[in-house]
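For reference, the structure discussed in these notes is given below.
These figures come from a predicted structure and were not determined experimentally. Proteins come first, then strands; the chains are lettered A, B, ... in the order of their sequence lines, and each starts at number 1.
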There are 2 protein chains.
Amino acid sequence: MRSVESRDDATARSRIRDAALRRFAADGLGVGIRAIATDAGVSPALVLHHFGSKDGLRDACDDHAFAVIREVKRVALGPTGPDQLLVQLASVAEYAPVAGYLMRAMQSGGPRGREAFEHFVSDAEQYVAEGVAAGTLRPSRDEKARIRWLTLSGMGAMLLALALEDPPPDDLAAWLQRYTAEISLPALEAFTEGVLTDRRMLDAYLSYVSDPPARDETAAS
Amino acid sequence: MRSVESRDDATARSRIRDAALRRFAADGLGVGIRAIATDAGVSPALVLHHFGSKDGLRDACDDHAFAVIREVKRVALGPTGPDQLLVQLASVAEYAPVAGYLMRAMQSGGPRGREAFEHFVSDAEQYVAEGVAAGTLRPSRDEKARIRWLTLSGMGAMLLALALEDPPPDDLAAWLQRYTAEISLPALEAFTEGVLTDRRMLDAYLSYVSDPPARDETAAS
DNA sequence: TAGGATCCTGAACATGCGTTCAGTCGAGTC
DNA sequence: GACTCGACTGAACGCATGTTCAGGATCCTA
């Protein structure tokens with residue numbers, strides 16, 4: 001009715017997309033179009049009118065999420081781990097839904113989840129390379145495998161912790177900070193001092209992969 | 001189709017439960033009763049007749065899964081990590097669906113997922129305590145937090161890797177072994193040599209939080 | 001002022017879900 | 001033989017989902 005509201009109305013399409021982002025982040029990707037439409041204050045049919053289908057809506061969410069990530073990475077930098085990008089993202093209240101959405105996307109897997117995941121892997125790639133070059137991170141015998149494992153572990157732990165939360169937290173940023181606080185000590189401890197006391201297992205593995213593997217012990221037919 | 005099938009028929013109820021276990025493991029907990037009933041060669045109504053509801057069917061799956069785990073743990077021995085119990089379980093072809101089901105249960109979260117998760121945490125508790133006592137594992141400043149983090153990371157990484165797989169692998173045991181092979185080097189490397197080169201971040205954290213978190217009953221530093 | 005495109009809605013449709021129910025079949029019991 | 005009881009099924013119900021469609025409302029343009 002006013003110019004202010006009509007400015008909101010001009011972004012009706014993006015209002016739906018934002019509502020979808022929020023709902024997806026809060027309740028997972030299974031939420032119905034009707035719930036999203038209600039949140040946005042429109043009819044379910046309008047959602048389809050603008051995005052064609054629920055999949056089209058997901059496309060728009062993906063595009064927006066990746067755009068935000070790209071923008072944020074252009075400004076801020078140097079987190080301490082592959083999962084810290086999300087924490088930083090969520091700490092900006094405006095971007096919290098984007099962080100939540102990306103988490104749900106990875107959690108639900110599939111090609112879209114994989115795309116989001118690879119995004120974080122390549123982010124970690126850059127960050128680890130810088131750390132190794134600066135001398136703060138040890139080099140790895142297989143850098144690519146280590147980065148993938150670090151991302152898998154950091155993200156996976158976070159996603160599992162979130163999934164186990166019941167009911168799902170309403171304030172994602174606060175939850176992420178609490179989670180980070182809980183894992184900081186063990187993670188730092190393990191990553192600076194290690195977990196194993198000696199090199200026997202590592203050396204055994206290294207000699208195992210360098211020599212032709214003789215496999216008859218653990219195999220069960 | 002007399003005595004042989006009637007022997008199968010005597011376990012009609014368990015045949016449904018096994019089909020459910022397999023289906024749940026393969027396609028996630030979202031699969032419908034009709035699909036399970038078809039797999040078991042019965043009508044959907046019979047599933048409800050035996051288990052009351054889909055939730056009752058899940059109860060039966062949980063009970064059976066935990067029973068198998070208890071039995072396997074009684075026989076087999078010390079794995080090398082919190083996620084290796086599942087790998088060992090799946091390596092026995094007969095128990096692979098159980099392992100897959102437990103993974104899906106944790107993935108889907110909620111109270112039931114949490115129950116499964118806590119099962120693995122307490123398993124890791126015992127295993128880590130033995131390792132520390134034997135001198136193969138370093139003690140932690142907060143043992144409870146470390147065990148939780150280790151389980152969260154190991155399981156989370158595995159579940160995320162599985163979720164990203166598209167389409168979901170049909171042979172879970174083979175997939176788990178391939179996955180283990182991929183992460184063995186970086187995990188062993190990080191856990192014996194560490195990832196960070198110096199103690200600055202850890203020391204900074206330790207001085208930041210004055211002393212280890214509240215619960216230190218078991219911490220005998 | 002008229003025409004047309006765009007935004008938007010209410011009511012439906014098709015589908016799949018978990019679940020219910022009336023009733024059939026077959027074996028064991030009096 | 002009649003009766004009972006559990007296993008079992010086919011057909012339906014109620015509900016929620018994504019989607020479609022005819023048409024109303026609004027605004028821009030000619």
What integer distance in Å separates [X]:[atom1] from [N]:[atom2]?
X	N	atom1	atom2	result
A:R58	D:dT17	CZ	P	17 Å
B:F51	D:dA7	CZ	C1'	13 Å
A:I33	D:dT20	CD1	C1'	12 Å
B:I16	C:dG18	CD1	P	14 Å
B:I36	C:dC17	CD1	P	10 Å

| Side-chain N or O of B:H50 less than 4.0 angstrom from OP1 or OP2 on D:dC8? |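 Looking at the OP1 and OP2 atoms of D:dC8, one of them is under 4.0 Å from a side-chain N or O of B:H50.
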
| task | Using a cut-off of strictly less than 4.0 Å, decide whether A:H49 has a side-chain nitrogen or oxygen near OP1 or OP2 of D:dT20. | result |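 No, A:H49 has no side-chain N/O under 4.0 Å of OP1/OP2 on D:dT20.
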
| said: What I want to check is whether the side chains of A:E189 and B:S140 have a donor and an acceptor closer together than 3.5 Å. | reply: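 Yes, a side-chain donor-acceptor pair sits under 3.5 Å.
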
| Modelled atom types, side-chain donor and acceptor of A:R58 and A:Y101, under 3.5 Å |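 Result is yes, a qualifying pair exists.
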
| message | At 4.0 Å (heavy atoms only), tell me whether A:V47 reaches a base, stays on the sugar-phosphate, or touches nothing. | response |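 Touches nothing.
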
| query | Under 4.0 angstrom, heavy atoms only, what part of the nucleic acid is B:L48 near: base, sugar-phosphate, or nothing? | reply |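 Base: the residue B:L48, judged by heavy atoms under 4.0 Å, touches a nucleobase.
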
| request: Please report the closest heavy-atom contact between B:Y95 and B:L89, naming both atoms and the distance. | output: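 Answer, listing the atom of B:Y95 first, then B:L89: CB-O, 3.4 Å.
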
| query | Which pair of heavy atoms, one from B:A116 and one from B:L102, lies closest together, and at what distance? | reply |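 So the two residues come closest at CB-CD2, 4.2 Å.
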
Side chain of [X] only, heavy atoms from C-beta on: which candidate in [options] is closest?
X	options	value
A:S53	D:dT9, C:dC8, D:dT19	D:dT19
B:L46	D:dC21, C:dC8, D:dA7	D:dA7
A:V42	C:dT9, D:dG18, D:dT9	C:dT9

| Considering only heavy atoms and no angle criterion, is a donor-acceptor pair shorter than 3.5 Å present between the side chain of A:R34 and the base of D:dG18? |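 Looking at the base of D:dG18, it does pair with a donor or acceptor on the side chain of A:R34 (distance under 3.5 Å).
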
